[in-house]
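Every number for a ligand or one of its atoms is a count from 1 in the order of the listing.
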Amino acid sequence: MARPKIALIGSGMIGGTLAHLAALKEMGDVVLFDIADGIPQGKALDIAESGPVEGFDAALSGTTSYEDIAGADVCIVTAGVPRKPGMSRDDLLGINLKVMKSVGEGIKEHAPNAFVICITNPLDAMVWALREFSGLPHNKVVGMAGVLDSARFRHFLSVEFDVSMRDVTAFVLGGHGDTMVPLTRYSTVGGIPLPDLVEMGWTSQEKLDAIVQRTRDGGAEIVGLLKTGSAYYAPAASAIEMAQAYLHDQKRLLPCAAYVDGAYGLDGFYVGVPTIIGANGIEKVIDIKLDKDEQAMFDKSVDAVKGLVEACKGIDSSL
Ligand code: TXD
């Protein structure tokens, strides 16, 4: 059987890291696409030349032509401009909306059967726009944010509790932004919910609140340190986990920016929710019960995303 084909639209910091991880994990053959001629070709060749050392057989190529993504099984979209210090995700809206239009049209024409994972910010609005421009089924177009946000939450928790991060699970809902909703009630260490751990005296409410806030600010913290761009190792690893869930029909329960129609009282809207990812893309949206405070935070987050989607419609009248 032929190897799966993975098209990476955008070959910048995350795109290059995605290509490297996909090759190391032997997920399939990788095509790097970018409008900056030379970058995708150079990164593809550099990673391919690590193959003999690492011992992988994946074929890698770089291109500036959409024809080369033909028949891709998975497309991961990072094309656009990343956030610079002092710039909010929303500032990126106008620039990246235009990028989503060209990417959506390229995917529609050349890879209409692909599972498409959008990473470009502002995430929840961009994944919505990409779906609109590509016309692909909603279950095949999804945004990556929740896996990254909960990975950050898990990392901070594992350091606070001094336990392996393998034993920490975390749940993050809502939009990828300052209004994201880390759910402490559904986050656990070895199956013990975080509020119980506070009661047991393993940590304090103040410390837990600080970790929740640090999770919300996780992207900005990295931007502030790097100064010349945003995070790329953890974002790439997170999207790879989603791609693998699809390619291997793993039925993973992962938080993603998915199209929600019916659940959470929403009618046809992209926002971060727990989903099942398998061979049919987003196979299910898990509608969990929220208490009053959580619902209020979720509503606030949904409103923030709604504002962005309306702004997109104001910029591009075809939406
Ligand atoms: O959780 C998340 N979703 C995120 C999102 C976490 C971290 C970063 N996140 C966002 O991902 C970030 O705000 C950006 O919007 C994207 C990509 O971040 P990256 O760090 O990879 O940005 P780069 O290095 O600038 O790469 C972007 C590439 C660059 O090579 C451009 O030449 C290319 O995109 N680009 C295009 N490619 C194809 N087509 C078009 N139109 C295009 N425009 C720019």
May I ask you to list the atoms of ligand 1 that are less than 4.0 angstrom from any heavy atom of [X]?
{"X": "Thr78", "value": "16 (C), 17 (C), 27 (C)"}
{"X": "Ser102", "value": "41 (N)"}
{"X": "Asn96", "value": "15 (O)"}

Check whether any N or O atom of [X], backbone or side chain, sits under 3.5 Å from an N or O atom of ligand 1, and answer yes or no.
{"X": "Gly15", "answer": "no"}
{"X": "Asn121", "answer": "yes"}
{"X": "Ile9", "answer": "no"}
{"X": "Met13", "answer": "yes"}
{"X": "Phe33", "answer": "no"}
{"X": "Met144", "answer": "yes"}

When you measure from the heavy atoms of [X] to every atom of ligand 1, does any distance fall below 4.0 Å?
{"X": "Asp34", "result": "yes"}
{"X": "Gly219", "result": "no"}
{"X": "Ile222", "result": "no"}
{"X": "Gly229", "result": "no"}

Ionic contact status for Glu221 with Arg152, cut-off 4.0 Å: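 Looking at Arg152 and Glu221, the cut-off is not met.
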Test: Asp73 and Lys5 ion pair at under 4.0 Å: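 Looking at Asp73 and Lys5, the cut-off is not met.
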Between [X] and ligand 1, find which residue part has any heavy-atom pair under 4.0 Å and reply side chain, backbone, both or neither.
{"X": "Leu148", "answer": "side chain"}
{"X": "Leu123", "answer": "side chain"}
{"X": "Pro235", "answer": "side chain"}
{"X": "His176", "answer": "side chain"}

Cation-aromatic face contact Lys306/Phe269, 6.0 Å, 45 degrees: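 Satisfied, under 6.0 Å and within 45°.
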Between Phe298 and Tyr264, ring centroids under 6.0 Å: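 Ring centres of Tyr264 and Phe298 closer than 6.0 Å.
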Parallel, tilted or perpendicular: ring planes of His110 versus Tyr66, cut at 30 and 60 degrees: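 Aromatic pair His110/Tyr66 classed parallel.
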Ring geometry between Tyr270 and His138 (parallel below 30°, tilted from 30 to 60°, perpendicular above 60°):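 His138 and Tyr270: tilted rings.
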Between the side chains of [X] and [Y], is a donor N or O closer than 3.5 angstrom to an acceptor N or O?
{"X": "Gln295", "Y": "Asp291", "answer": "no"}
{"X": "Gln205", "Y": "Asp209", "answer": "yes"}
{"X": "His176", "Y": "Asp124", "answer": "no"}

Given Arg252, Lys251, Lys140, the one that forms salt bridge (Lys or Arg N to Asp or Glu O under 4.0 Å) with Glu283: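 Going through Arg252, Lys251, Lys140 one by one, the salt bridge (Lys or Arg N to Asp or Glu O under 4.0 Å) with Glu283 is satisfied by Lys251 alone.
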Closest to atom 43 (N) of ligand 1 (judged by heavy-atom distance), picking from Ile35, Val147, Thr228: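 Among Ile35, Val147, Thr228, the closest heavy atom to atom 43 (N) of ligand 1 belongs to Ile35.
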Side-chain donor/acceptor of Thr275 to backbone N/O of Leu254, under 3.5 Å: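 Between the backbone of Leu254 and the side chain of Thr275 there is a qualifying donor-acceptor contact (under 3.5 Å).
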